[in-house]
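Only this structure's heavy atoms are used, side chains among them; waters, hydrogens and symmetry mates stay out. Each chain gets a letter, A, B and so on, in the order the sequences are listed, and its residues count up from 1.
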2 protein chains.
Amino acid sequence: MLQLSKKVGYALIALRHMATHPQDRIFTAREIAAACNIPYELLAKILQKLKKSEVIVSTQGMRGGYSLLKKPDQIQVSQIINAIEEEKAIIADCYADSKENCSLYDTCTIRTPLGKVQHNLDVLLESTTLDQIV
Amino acid sequence: MLQLSKKVGYALIALRHMATHPQDRIFTAREIAAACNIPYELLAKILQKLKKSEVIVSTQGMRGGYSLLKKPDQIQVSQIINAIEEEKAIIADCYADSKENCSLYDTCTIRTPLGKVQHNLDVLLESTTLDQIV
DNA sequence: ATAATATAAGACCAGAATAGTCGTATTTAT
DNA sequence: ATAAATACGACTATTCTGGTCTTATATTAT
């Protein structure tokens, strides 16, 4: 519960691997998988998602691979999470879908405060960048 | 991902229901379930966990039920989560279990920073209390 | 041109976690 | 005694996740 998935963990480890080497280097998925002991096929999909989210760039074909698009201090943890866990609300929405179900009042007073918690969480994850993890 | 479970949501909704009524009232699980449109058996187990974690108190037998043990501003969101999701790490640990797996260096540099994120998350959830959600 | 090496993409499966149900025991007021 | 409530644990079904496999496409070396 409220735990980062293994995929996000793998993403962080892989990005860290890239960040701790010269910035212009190109890394193949296979190389990172071997170095970090991550299942290759799984990592390949993770890297593809990171590419779609413009965290890294790829060059296809022989001698291809991936490299960081931004500097580590420009890559937010929230961005990495969102790249892999495509767009879910961090905090659950209110489950009651009509006024009568849950509340005697007209205004839903649980959705908004939960949203605040979510927002605070967002801010926290946005303010943490890759360089703080490397 | 990084989403509160439905159970935690139900717990929050139920506690909110109790907090918006006179503090000395006793609520039956069935009453709350009906009012908040939550499956009764599921809510019953949730309330039992909240009782074990001393968020609410119960009186057994006929005319029994549950009532808040503390005032809403004394009930932390983190306490509610922990009551239901028995003791899990919020942020993933480092998955590499030996030096060779992940890093060229001796010290694991990913565990500690992630721990910082986790700590910030803990602080956030501890500093949010039920009264802010009601 | 052809072969080799790489990303790209999607189907597929197994195991874990979650949500929800059911049955039964126990407590207590009437 | 009986009715109404909590207490507790087994069970099921569904969803999520991690991981694998297959195929297609792009690029480069030869």
- Item | Atom-to-atom span, CZ of A:R30 to C1' of D:dT20 - whole angstrom | 13 Å
- Query: Taking A:S53 for the side chain and A:L50 for the main chain, is one N or O donor matched with an acceptor at less than 3.5 Å?
  - Reply: no
- d(CD, B:E41; P, D:dG9) in whole Å: 17 Å
- Task: Taking the side chain as every heavy atom from C-beta outward, state whether B:L15 and B:V55 have any pair of such atoms under 4.5 Å apart.
- Result: yes
- Task: Indicate, yes or no, whether a donor-acceptor pair under 3.5 Å links the base of C:dT21 to the side chain of B:K45.
- Result: yes
- Message: Taking 4.0 Å as the cut-off, does a side-chain nitrogen or oxygen of B:K6 come that near to OP1 or OP2 on C:dG20?
- Response: yes
- Message: Do A:I56 and A:L42 sit in one hydrophobic cluster, given that two such residues count as connected whenever their side-chain heavy atoms are within less than 4.5 Å of each other, even indirectly?
- Response: yes
- Message: Rounded to whole Å, please give me the gap between NZ in B:K7 and P in C:dA19.
- Response: 6 Å
- Looking at NE2 of B:H17 and CD of B:E31, how far apart are the two atoms once the value is rounded to the nearest 0.5 Å? 5.0 Å
- Ignoring backbone atoms, establish whether B:Y10 has a side-chain N or O less than 4.0 Å from OP1 or OP2 of C:dG20. yes
- Task: Provide, to the nearest angstrom, the distance between the CD atom belonging to A:E85 and the C1' atom belonging to D:dT17.
- Result: 9 Å
- Round to the nearest Å and state the distance from B:L43 atom CG to C:dA19 atom C1'. 13 Å
- Note on the structure: Among D:dT6, D:dA26, D:dT17, the one nearest any side-chain atom of A:S5 is D:dT17
- Remember a base hit wins even if backbone is also touched, and classify A:A29 as base, sugar-phosphate or nothing at under 4.0 Å, heavy atoms. sugar-phosphate
- Message: Which is more 5' along DNA chain C, the nucleotide nearest A:K52 or the one nearest B:L42? Just name the residue.
- Response: A:K52
- Query: Hey, which of these two, B:G64 or A:T59, hits DNA chain D nearer its 5' end, going by closest nucleotide?
  - Reply: B:G64
- Query: Side chains of A:T128 and A:Q76: donor-acceptor distance under 3.5 Å anywhere?
  - Reply: no
- Would you please confirm or rule out a distance under 4.0 Å between OP1 or OP2 of D:dA7 and any side-chain N or O of B:K51? yes
- Out of D:dA7, D:dC8, D:dG18, which has the shortest distance to the side chain of B:Q60? D:dA7
- Under 4.0 angstrom between A:S58 side-chain N/O and C:dA8 OP1 or OP2: yes
- Atom CE of B:M62 and atom C1' of C:dT30 are separated, to the nearest Å, by 6 Å
- Message: Does D:dG18 have its OP1 or OP2 closer than 4.0 Å to a side-chain nitrogen or oxygen of A:Y40?
- Response: no
- Nearest whole angstrom, please: distance from the P of D:dA4 to the CD1 of B:I26. 17 Å
- Interatomic distance where CZ belongs to B:F27 and C1' belongs to D:dT6 [whole Å]: 17 Å
- Item | Side-chain-base donor-acceptor pair under 3.5 Å for A:Q48 and C:dA8 | yes
